[in-house]
Chemist: 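I am attaching a structure below and will ask some questions about it afterwards.
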Amino acid sequence: MSIANNINDGIKDAMRAKDQVKLATLRAVKSALLLEATKDGSSEVNDEVALKLITKLHKQRKEAADIYKEQGREDLYDEEMAQANVLESFLPEQLSNEKIKAIVQEIISSSGASSMADMGKVMGQATGKMAGKADGKVISGIVRELLSS
């Protein structure tokens, strides 16, 4: 079953359960998917694009929650975190830092990268291999750490 179908089913379930947070979150995802689909004139987006969109929306919710936390707005923080948790259920399991580090070390050894000049080559392979499973900032930090040592 495609991600778009899972989103539609989730909307129906949220309506039945009267879960306003889940309903609002999934409607926002559906809206983003529809906007993306109409960009190229098709009626649906593939799962890869849908995963990228959900990852982007999840990251936005987390960043907004951090800002609200800094400002002492617990009510808005809780709302953003609740929406982020709903989005997490549609994302693949995130890799731990240790697993990311192991994958990056494997890429570095197989590509022969040895300095920061090779960072772009390593990042390209790493983000492709771990798409949707790890945050780009985390990958970048680990690549920097391993190439600079």
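Only this structure's heavy atoms are used, side chains among them; waters, hydrogens and symmetry mates stay out.
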Chemist: Can you tell me how far the NZ atom of K121 sits from the CD1 atom of I108, to the nearest 0.5 Å?
Modeler: 10.5 Å

Chemist: Below 4.0 angstrom, N of the basic side chain to O of the carboxylate: do E36 and K52 qualify?
Modeler: no

Chemist: How many angstroms lie between atom CD1 of I67 and atom CD of E80, to the nearest 0.5 angstrom?
Modeler: 9.5 Å

Chemist: Can you name the one residue among I54, L57, T55 that meets side-chain contact (heavy atoms from CB on, under 4.5 Å) with F90?
Modeler: I54

Chemist: Among all residues two or more places apart in sequence or in another chain, which pass the salt bridge (charged side-chain N to carboxylate O under 4.0 Å, His left out) test with K133?
Modeler: none

Chemist: Examine distances only and state if a side-chain atom of S31 and a backbone atom of R27 form a donor-acceptor pair shorter than 3.5 Å.
Modeler: no

Chemist: Could you state whether I103 and L91 fall into the same hydrophobic cluster, counting links through intermediate Ile, Leu, Val, Met, Phe, Trp or Tyr residues with side-chain heavy atoms under 4.5 angstrom apart?
Modeler: no

Chemist: Search all heavy atoms of V21 against all heavy atoms of A82 and return the closest pair with its distance.
Modeler: CG1-CB, 3.7 Å

Chemist: Would I11 and L34 show up in the same hydrophobic cluster when neighbours are defined by side-chain heavy atoms closer than 4.5 Å?
Modeler: no

Chemist: From Q83 CD over to L26 CG, what is the distance, rounded to the nearest 0.5 angstrom?
Modeler: 9.5 Å

Chemist: So do the side chains of V122 and L146 get within less than 4.5 Å of each other, counting heavy atoms only?
Modeler: no

Chemist: When rounded to the nearest 0.5 angstrom, what distance separates CG in D75 from OH in Y68?
Modeler: 9.0 Å

Chemist: Does E93 have more than 12 heavy atoms from other residues, nucleotides or ligands lying within 6.0 Å of its CD?
Modeler: no

Chemist: I need the minimum non-hydrogen distance between R61 and A84, along with the two atoms involved.
Modeler: CB-CB, 3.9 Å

Chemist: Mind listing the closest non-hydrogen atom pair of G112 and D118 along with its distance?
Modeler: O-OD2, 4.4 Å

Chemist: Got a second to check how far L95's CG is from K101's NZ, nearest 0.5 Å?
Modeler: 15.0 Å

Chemist: So which heavy atom on A126 is nearest to which on V104, and how close?
Modeler: CB-CG2, 4.5 Å

Chemist: Given D135, which of K62, K59, K56 fulfils the salt bridge (Lys or Arg N to Asp or Glu O under 4.0 Å) condition?
Modeler: K59

Chemist: Do the side chains of L87 and L23 join up, straight or via other hydrophobic residues, at under 4.5 Å, putting them in one cluster?
Modeler: yes

Chemist: Looking at side-chain heavy atoms only, is the closest gap between D13 and R16 below 4.5 Å?
Modeler: yes

Chemist: Answer yes or no: is there a donor N or O on one side and an acceptor on the other, between the side chain of D47 and the main chain of S2, under 3.5 Å?
Modeler: no

Chemist: Step by step, work out the side chain to side chain contact (heavy atoms under 4.5 Å, CB included) result for V138 and N97.
Modeler: CA-CA 8 Å; V138 175; N97 283 354; 3.4 Å; yes

Chemist: How far does OG1 of T25 sit from CD of E79, to the nearest 0.5 angstrom?
Modeler: 8.5 Å

Chemist: With a 3.5 Å distance limit and no angle check, can you tell me whether S140 reaches the backbone of G136 through a side-chain donor-acceptor pair?
Modeler: no

Chemist: With the side chain counted from C-beta on, respond yes when I100 and I139 share a heavy-atom pair under 4.5 Å apart, and no when they do not.
Modeler: yes

